[in-house]
Amino acid sequence: MAMIKGIDVIMYEKVKIGVDEFHQDVFEETPIIIENVLVTPSSSTDIINDIQLHGKKSVYQLAIPKADEHIWEDRKVEFFDQTFHTLGFLTKGIDENIPLDWNGKISVERYG
C-alpha cells in the first residue's frame with residue numbers, strides 16, 4: 001500500500017456538440033472521475049505568481065497522476081464539495097526522474 005494517496009477529482013471534459021447561429025462552437029461538459037489526484041493549498045509565492053500572470057488567485061495546486069492523458073487547461077473541476085477552474089497550463093516532469101505516481105501540476109481558482 002502506498003504511503004501517499006490522492007483523492008478522486010471530477011473534471012469536466014468539453015465535447016463539441018455543434019455550432020450556434022453566430023457560427024460559434026457549442027460545447028457540452030461531461031464529468032470524468034480522475035483518481036489519485038493530490039491536492040495541496042497554494043503557497044503565497046504561487047498565489048502571487050498566478051495573480052501576476054493570470055489576474056486570478058489560485059487556491060490549490062493539483063498533482064496529476066503520471067498515467068493521466070486528459071486536457072487540464074481551462075477546465076471545471078470539483079473536489080471537497082466545491083467547484084474550481086484550472087489556471088494556466090499543466091506542467092509536467094520526466095516520468096523516469098520522478099519517484100512517485102505524479103508528474104503533472106496545475107493551479108485552480110475558486111469557481112462560482
Side-chain angles (χ1 to χ4, degrees):
M1 183 170 147
M3 301 267 308
I4 300 174
K5 184 174 179 343
I7 63 170
D8 290 349
V9 170
I10 299 172
M11 192 253 304
Y12 288 85
E13 190 169 67
K14 293 181 181 180
V15 177
K16 182 178 173 181
I17 59 170
V19 178
D20 66 12
E21 59 272 6
F22 299 107
H23 306 288
Q24 299 296 314
D25 293 337
V26 177
F27 295 93
E28 181 177 83
E29 292 182 331
T30 305
I32 298 171
I33 296 175
I34 311 294
E35 297 176 349
N36 198 24
V37 176
L38 293 181
V39 178
T40 183
S42 294
S43 68
S44 57
T45 304
D46 291 330
I47 293 170
I48 290 168
N49 288 340
D50 283 334
I51 289 173
Q52 289 176 342
L53 290 173
H54 310 291
K56 299 178 181 181
K57 181 181 176 185
S58 68
V59 289
Y60 289 105
Q61 298 281 321
L62 304 182
I64 310 304
K66 290 179 182 178
D68 184 76
E69 295 294 327
H70 293 96
I71 297 172
W72 284 85
E73 290 82 12
D74 191 29
R75 296 291 186 255
K76 182 171 74 170
V77 294
E78 292 179 353
F79 55 92
F80 299 154
D81 295 323
Q82 297 180 12
T83 304
F84 301 89
H85 186 263
T86 59
L87 295 174
F89 298 97
L90 178 68
T91 56
K92 283 191 164 191
I94 300 169
D95 288 354
E96 295 78 24
N97 294 342
I98 300 173
L100 298 175
D101 294 335
W102 306 270
N103 73 336
K105 180 175 91 166
I106 194 161
S107 299
V108 295
E109 68 173 326
R110 184 76 171 93
Y111 186 76

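Because only heavy atoms are used, hydrogens play no part in the values below, and waters and symmetry mates are left out as well, while side chains stay in. In this text, all values refer to a predicted model and were calculated from it rather than measured experimentally.
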**Message:** Main chain of G6, side chain of N36: is a donor-acceptor contact present, judged purely on distance under 3.5 Å?
**Reply:** yes

**Item:** Spacing of OH belonging to Y111 relative to NZ belonging to K56, to within rounding of 0.5 Å
**Value:** 9.5 Å

**Prompt:** Members other than V37 in its cluster, when Ile, Leu, Val, Met, Phe, Trp, Tyr link by side-chain heavy atoms under 4.5 Å?
**Reply:** I7, V9, M11, I32, I34, V39, V59, Y60, L62, I64, W72, V77, F79, F80, F84, L90, I106, V108

**Prompt:** In terms of hydrophobic clustering (I, L, V, M, F, W, Y; side-chain heavy atoms under 4.5 Å; direct or indirect links), are L87 and F89 co-clustered?
**Reply:** no

**Item:** Beyond-backbone contact of P65 with D101, side-chain heavy atoms, under 4.5 angstrom
**Value:** no

**Item:** Nearest heavy atoms of E28 and I17, plus distance in Å
**Value:** CB-CG2, 3.7 Å

**Fill in**
Taking every heavy atom of G88 against every heavy atom of E73, the minimum-distance pair comes out as O-CG, 3.4 Å

**Prompt:** Is any side-chain N of the basic residue among K14 and E29 closer than 4.0 Å to the acidic one's carboxylate O?
**Reply:** no

**Asked** At what distance, to the nearest 0.5 angstrom, does CD of E78 lie from OG1 of T83?
**Response** 4.0 Å

**Message:** R75 vs H85, test: side chain to side chain contact (heavy atoms under 4.5 Å, CB included). Steps then yes/no.
**Reply:** CA-CA 6 Å; R75 296 291 186 255; H85 186 263; over 6 Å; no

**Asked** Within the distance-only criterion (no hydrogens, no angle test), does the side chain of K57 pair as donor or acceptor with the backbone N or O of I48 below 3.5 angstrom?
**Response** no

**Asked** Above 12 or not: heavy atoms from other molecules or residues under 6.0 Å from NZ of K76?
**Response** yes

**Request:** Measure the OG-CD distance between S42 and E109 for me, rounded to the nearest 0.5 Å.
**Result:** 11.0 Å

**Message:** Can you tell whether the side chains of D25 and K16 come within less than 4.0 Å, N to carboxylate O?
**Reply:** yes

**Prompt:** Is the CD1 atom of I33 crowded by more than 12 outside heavy atoms at less than 6.0 Å?
**Reply:** no

**Item:** Full working for side chain to side chain donor-acceptor pair (under 3.5 Å) between Q61 and T40
**Value:** CA-CA 5 Å; Q61 298 281 321; T40 183; over 6 Å; no

**Asked** Does atom CD of Q82 have more than 12 heavy-atom neighbours, drawn from other residues, nucleotides or ligands, at distances under 6.0 Å?
**Response** yes

**Message:** Using only atom types and a distance under 3.5 Å, with no angle test, would you say the side chain of K66 pairs donor to acceptor with the backbone of D95?
**Reply:** yes

